[in-house]
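Here's the structure we're looking at; comments come further down.
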2 protein chains.
Amino acid sequence: MELIEPTPRTRVRQHAERGRYDRQTVHRIIDAAMICHVGIVDDAQPFVLPMVHARIEDVLYLHGAYGSRLLDALRHGARACVTFTLLDGLVLARSALHHSLNYRSVVVLGEGREVTDAAEKWRAFEAIVEHAVPGRWTEIRPPSDEEARATAVVAIEIREASAKIRTGGVKESVRDRDPQVWAGQVTLATFALGLVGEPELAATALPPPSVRALLTRRLDARRNAGNGA
Amino acid sequence: MELIEPTPRTRVRQHAERGRYDRQTVHRIIDAAMICHVGIVDDAQPFVLPMVHARIEDVLYLHGAYGSRLLDALRHGARACVTFTLLDGLVLARSALHHSLNYRSVVVLGEGREVTDAAEKWRAFEAIVEHAVPGRWTEIRPPSDEEARATAVVAIEIREASAKIRTGGVKESVRDRDPQVWAGQVTLATFALGLVGEPELAATALPPPSVRALLTRRLDARRNAGNGA
């Protein structure tokens with residue numbers, strides 16, 4: 001088990017027993033999350049925005065339009081916090097303040113670096129599409145030179161990071177544990193409900209394999225098989 | 001339609017047509033989101049953490065342990081950004097860079113205020129439980145004085161806020177719109193998969209109405225009926 005050494009900023013303090021610092025756990029949560037929340041500081045004000053992402057080894061990739069406040073800040077090396085959260089269940093106790101959630105989360109602290117190398121940018125585009133819909137990249141028209149140039153890509157190294165995971169049932173005092181009163185977990189999952197084709201589609205234009213595959217698995221457990229988390 | 005006047009910090013700049021500034025839309029997205037992501041700044045470093053929340057009129061409530069870095073900062077009036085994101089679908093184009101997501105999101109910029117009034121704190125506890133599981137509050141043991149005193153509650157006024165919503169299908173160039181190639185939306189939804197009762201439960205201890213109700217509806221559309229968003 002390879003550790004990502006916790007720092008005073010990433011060591012889990014509240015419920016320290018939920019902290020995880022092994023690289024594989026961190027990577028799996030990042031990969032299973034469809035989106036992340038990226039925080040930056042602008043003039044002493046925090047801003048947090050949802051973004052799609054991809055990971056290649058120890059690097060996170062984000063993309064967006066030039067001129068976006070968030071992307072521009074990251075391109076210029078802004079400090080960032082990128083947070084990934086998978087909500088796995090509600091934990092329903094018999095007492096109000098022992099209600100809880102089961103979740104897997106990761107916090108990455110780092111700095112943005114603009115990706116200017118064309119080959120690295122291309123790999124990032126591919127990784128972002130494949131992260132959202134595995135198998136999709138080979139089904140679609142790749143970016144033109146013009147499209148690629150018009151899109152900003154930012155890399156953030158996964159060097160300072162930690163995971164926090166809660167699993168299991170209710171933790172409450174023995175006095176509250178009345179066996180006659182129901183308490184337990186409600187497990188949650190995100191699914192693809194269905195497809196809405198574009199209006200111009202020919203009747204013979206069927207969804208390709210990557211799209212059909214989305215309909216058969218939980219989206220919050222993508223690429224996460226065998227993790228057991 | 002009552003507007004929340006956009007500021008230079010909350011006016012949507014990228015895809016300005018997706019910005020929404022009416023109070024009802026902002027409130028509905030906040031209410032439909034099970035969790036939020038709260039950003040603060042500590043020593044010039046942004047931190048973003050997932051939290052549960054509730055809304056009462058124009059006030060957001062968050063809670064947590066005394067001693068938590070995030071709660072302590074908010075209690076002392078830290079500037080915060082609270083972001084709510086509901087992922088409604090994947091938008092799968094024929095071209096890589098026109099892939100997109102359908103989502104509803106809200107950003108609230110504000111400052112924390114510690115809730116010290118016992119009655120307001122009680123209303124916040126009730127709202128947080130009811131937000132996660134409607135109908136749950138009357139089924140459970142309410143907080144004891146000791147439990148209430150040991151839990152920090154923070155309020156943030158919803159004064160500076162905006163929503164951003166994407167709906168609909170693929171936007172791509174006419175040249176890419178080959179009717180023989182499938183393109184469209186994959187709609188997403190979060191459900192309660194099932195229940196896991198605590199091991200000590202008597203066979204006669206059945207899930208109460210609030211818990212059974214969770215199994216019959218989409219969790220990402222809670223209290224959101226009729227919104228049409």
Side-chain angles (χ1 to χ4, degrees), chain A residues 14 34-35 37 39-41 45-48 50 65 68 79 81 83 85 87 90 92 94-97 99 105 125 129 132-133 140-143 147 151 169-170 176-177 179-198 200-202 205-208 211 214, chain B residues 14 34-35 37 39-41 45-48 50 65 68 79 81 83 85 87 90 92 94-97 99 105 125 129 132 140-143 147 151 169-170 176-177 179-198 200-202 205-208 211 214 219:
Chain A
Q14 299 299 315
M34 183 67 82
I35 61 169
H37 283 80
I40 58 159
V41 184
Q45 171 67 46
F47 289 89
V48 178
S68 129
R79 294 192 193 183
C81 176
T83 299
T85 307
L87 194 54
L90 311 177
L92 305 182
R94 300 164 182 95
S95 50
L97 288 179
H99 278 63
S105 67
F125 287 142
V129 169
V133 186
I140 55 183
R141 176 176 71 68
E147 286 174 337
T151 305
V170 172
D176 284 317
R177 292 197 153 269
Q180 303 300 331
V181 178
W182 192 90
Q185 305 163 55
V186 181
T187 55
L188 304 180
T190 299
F191 292 98
L193 259 194
L195 304 179
V196 182
E198 290 296 293
E200 75 275 11
L201 283 186
L206 299 179
V211 178
L214 287 175
Chain B
Q14 299 299 315
M34 184 67 84
I35 62 170
H37 283 80
I40 58 159
V41 183
Q45 172 67 46
F47 288 89
V48 178
S68 131
R79 293 191 194 184
C81 177
T83 299
T85 307
L87 194 53
L90 310 176
L92 305 182
R94 301 164 181 97
S95 50
L97 288 180
H99 278 63
S105 67
F125 287 142
V129 169
I140 56 183
R141 176 177 71 68
E147 286 174 335
T151 304
V170 173
D176 284 318
R177 293 197 153 268
Q180 303 299 331
V181 178
W182 191 90
Q185 303 164 56
V186 181
T187 55
L188 304 179
T190 300
F191 292 99
L193 259 194
L195 303 179
V196 182
E198 290 296 293
E200 75 274 11
L201 283 186
L206 300 179
V211 178
L214 288 175
L219 294 187

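Chain A is the first sequence line, chain B the second, and so forth, proteins listed ahead of strands; every chain is numbered from 1.
Scanning both residues, B/Leu201 and A/Val181, for their nearest heavy atoms gives CD2-O, 3.2 Å. Listed here is the closest heavy atom pair of A/Pro46 and B/Gly39: CG-O, 3.5 Å. Smallest separation of non-hydrogen atoms from B/Glu200 and A/Pro179: O-CB, 3.1 Å. The two atoms that bring A/Thr83 and B/His37 nearest to each other are CG2-CD2, 3.9 Å, heavy atoms only. B/Leu206 and A/Trp182 make their closest contact through O-CB, 3.3 Å (heavy atoms, listed as atom of the first residue, atom of the second, distance).
Of the atoms belonging to B/Gln14, it is side-chain heavy atoms, and not backbone ones, that fall under 4.5 Å from chain A. Within the 4.5 angstrom heavy-atom criterion, atoms from both the backbone and the side chain of A/Leu188 approach chain B. Interface remark: A/Phe191 contributes backbone and side-chain atoms alike to the contact with chain B (heavy atom separation under 4.5 Å). When heavy atoms are compared at a cutoff of 4.5 Å, A/Leu195 approaches chain B by way of both its backbone and its side chain. Residue B/Leu92 touches chain A through both its backbone and its side chain, counting heavy-atom pairs closer than 4.5 Å.
Distance alone, capped at 3.5 Å, is enough to place a donor-acceptor pair between the A/Glu198 side chain and the B/Val170 backbone. With hydrogens and angles disregarded, a donor-acceptor distance shorter than 3.5 Å links the side chain of B/Thr187 to the backbone of A/Gly194.
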> Could you go step by step and tell me if B/Leu214 and A/Leu90 meet the side chain to side chain contact (heavy atoms under 4.5 Å, CB included) rule?
Replying inline: CA-CA 10 Å; B/Leu214 288 175; A/Leu90 311 177; 3.8 Å; yes
> Please walk me through it: do A/Arg79 and B/Gln45 pass side chain to side chain contact (heavy atoms under 4.5 Å, CB included)?
Replying inline: CA-CA 6 Å; A/Arg79 294 192 193 183; B/Gln45 172 67 46; 3.4 Å; yes
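Options B/Ala189, B/Gly197, B/Ala202 differ in how many heavy-atom pairs under 4.5 Å they form with chain A, and the most are formed by B/Ala189. Here B/Pro207 is the residue among B/Ala192, B/Gly184, B/Ala65, B/Pro207 with the most heavy-atom pairs under 4.5 Å with chain A. Options B/Pro50, B/Ser105, B/Pro142 differ in how many heavy-atom pairs under 4.5 Å they form with chain A, and the most are formed by B/Pro50. Taking chain B as the reference chain and counting heavy-atom pairs below 4.5 Å, the highest number among A/Ile35, A/Val48, A/Val41 is found for A/Val48.
A/Asp176 contributes atom CG, which lies 4.0 Å from atom CZ of B/Arg141 (distance to the nearest 0.5 angstrom). Taken to the nearest 0.5 Å, the CG atom of B/Leu97 stands 4.5 Å off from the OG1 atom of A/Thr151.
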